[in-house]
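First comes the structure, then the notes that go with it.
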Amino acid sequence: MQRLQAAIDRYNEIRTRFWDDDYNTLLPAGPAASDEIARLQAREPRPLPQELQAFYRQFGGLQNWNNTESHCMQLPGPAQLADGLEHADAWQRIRSLGLADMIVYSWTNDRHEFAPGQAFDQDELDALNARYRCFGWYRTDTVAESAWYVYADEDGRFGALYYDQDDFGGVRRELRAMLAASPARQTLEDALCEGVERAQRAMVEWNGDGEDEGVA
């Protein structure tokens with residue numbers, strides 16, 4: 001995943017324009033041990049995508065130092081995900097790696113729109129969770145009011161779903177379309193590079209620096 005490492009390096013190079021300390025540095029967690037990946041797999045009824053396992057073995061996870069609100073990445077490592085799946089507190093527990101469940105989890109398990117019978121029936125939520133698994137998210141520029149959720153479909157293709165709390169109608173339409181057919185077309189590296197670059201652009205825009213060379 002050389003392109004992903006290059007995107008991380010570029011992000012960190014640009015963030016030095018705005019911070020002298022490490023507040024916004026984008027950091028891989030470090031290679032995950034085989035037993036950590038195996039522990040997550042034991043909690044997940046379907047095989048983890050090979051690309052995801054390779055990402056864990058090289059990067060472990062990916063997140064910013066202290067920044068979890070805007071222009072940041074939040075991809076927990078396998079041990080963190082397993083901890084969440086095993087958590088005793090229902091408000092802190094990851095119900096499953098299903099896309100709908102992970103969206104709700106990222107909002108401390110409190111999104112009434114995803115309650116059965118609201119926007120989706122229980123069978124529709126079950127189908128979304130079965131067909132799409134989410135392994136983390138990244139944020140651009142709305143101070144924790146939105147996120148892009150990185151997911152894999154049943155065929156191991158990756159994509160990212162955008163959800164803004166002020167536009168539930170938009171994500172509802174996208175999720176209903178996903179019940180009919182998967183829009184995922186990317187590799188994991190494609191999806192993560194796109195996320196780092198989107199976060200980078202938001203960082204530059206937020207901090208008043210119009211220069212952002214090298215980003216498509």
#### Entry: Minimum side-chain heavy-atom gap Y138-V150 below 4.5 Å
yes
### Query
Is the side chain of Y132 donor-acceptor paired with the backbone N or O of M178 at a distance under 3.5 Å, no angle test?
yes
### Task
Give a yes or no on whether a salt bridge exists between R3 and D190, defined as a side-chain N under 4.0 angstrom from a carboxylate O.
yes
### Query
Got a second to check how far R133's CZ is from E154's CD, nearest 0.5 Å?
9.0 Å
### Task
Would you mind reporting whether E145 and Q165 have side-chain heavy atoms less than 4.5 Å apart?
yes
### Task
Please answer whether the main-chain N or O of R157 pairs with a side-chain N or O of D155 as donor and acceptor at a distance below 3.5 Å.
no
#### Entry: Check: N64 and M73 side chains under 4.5 Å, non-hydrogen atoms
yes
### Task
Go through the steps for Y162 and R198 under the test side-chain hydrogen bond (donor to acceptor under 3.5 Å, both in side chains), then give the verdict.
CA-CA 12 Å; Y162 182 68; R198 281 174 170 157; over 6 Å; no
### Query
Between the main-chain N or O of R93 and the side-chain N or O of N109, is there a donor-acceptor pair closer than 3.5 Å?
yes
### Query
Any side-chain heavy atom of L81 within less than 4.5 Å of one from E44?
no
#### Entry: Atom of A79, atom of E36 and distance for their closest heavy-atom approach
CB-OE2, 4.0 Å
### Query
Are any side-chain N or O atoms of S70 and backbone N or O atoms of V143, one a donor and one an acceptor, separated by less than 3.5 Å?
yes
### Task
Starting from the C-alpha separation in whole Å, work towards a yes-or-no answer on side chain to side chain contact (heavy atoms under 4.5 Å, CB included) for L161 and L175.
CA-CA 9 Å; L161 174 75; L175 288 171; 3.6 Å; yes
### Task
Could you tell me whether a side-chain N or O of E197 sits under 3.5 Å from a main-chain N or O of E194, the two making a donor and an acceptor?
no
### Task
Measure from the side-chain N and O atoms of Q53 to the backbone N and O of L48, and report whether any donor-acceptor pair falls under 3.5 Å.
yes
### Query
Near Q122 CD, under 6.0 Å, is it more than 12 heavy atoms from other residues, nucleotides or ligands?
yes
### Query
Quick one: does Q58's side chain get under 4.5 Å of P28's, heavy atoms only?
no
### Query
Quick one: does H71's side chain get under 4.5 Å of D141's, heavy atoms only?
no
### Query
Are the side chains of F120 and R172 in touch, meaning some heavy atoms are under 4.5 Å apart?
yes
#### Entry: N-O pairing of D83 and R39 below 4.0 Å
yes
### Query
Taking the six-membered ring for Trp, is the centroid-to-centroid distance between Y105 and F114 below 6.0 Å?
no
#### Entry: Any side-chain heavy-atom pair of C134 and I103 under 4.5 Å
no
